[in-house]
Amino acid sequence: GRRLAKFLRTGQTAKPGARYVQVASFNIPQNAQTTMGRLQGMGLPVASSKVTRGGKGLQLVMAGPFANEIEAAQALGAIRVAGFRDAFLR
């Protein structure tokens, strides 16, 4: 819930080595922004990262970072219940 929001100001770039829940990847920036807004509305910290796969740019949307694996797993559960069934820990 909302107590997870204390770990990161929303919209930051993902930090290497931290615990995150990868929620989705998008090639349309507006779709990524919409998803980030939904996660923020759930009280979750939000981060994103740009990657290139198969020559195409994608924006990864993640929740996190989280202080430990337990908090990340709790967030994963909430994110899946919210409809992001393909989300996973990373």
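Positions are given from 1, in the same order as the sequence printed here. Heavy-atom basis, side chains included; hydrogens, waters and symmetry copies ignored.
In this structure, L44 CG and E71 CD are separated by 11.5 Å, a value rounded to the nearest 0.5 Å. To the nearest 0.5 angstrom, M36 atom CE is 9.0 Å from M62 atom CE. We find the CG-OG distance between L58 and S48 to be 12.5 Å, quoted to the nearest 0.5 Å.
Taking every heavy atom of both residues into account, Y20 and A47 meet most closely at CE2-CB, 3.8 Å. Taking every heavy atom of both residues into account, S25 and L60 meet most closely at CB-CD2, 3.4 Å. The two atoms that bring V23 and A63 nearest to each other are CG2-N, 4.1 Å, heavy atoms only.
Taking 4.5 Å as the limit, some side-chain heavy atom of M42 sits within range of a side-chain heavy atom of L39. Considering only heavy atoms from C-beta on, T35 comes within 4.5 Å of F84 through its side chain.
Residue pairs that meet the salt bridge (charged side-chain N to carboxylate O under 4.0 Å, His left out) test with at least one member in residues 45-70, sequence neighbours left out, are R19-E69. Among pairs with a residue in residues 78-90, those fulfilling side chain to side chain donor-acceptor pair (under 3.5 Å) read Q22-R90, at least two apart in sequence or across chains.
Under the rule for a side-chain contact (heavy atoms from CB on, under 4.5 Å), the partners of A32 that lie at least two apart in sequence or sit in another chain are F26, Q59, V61.
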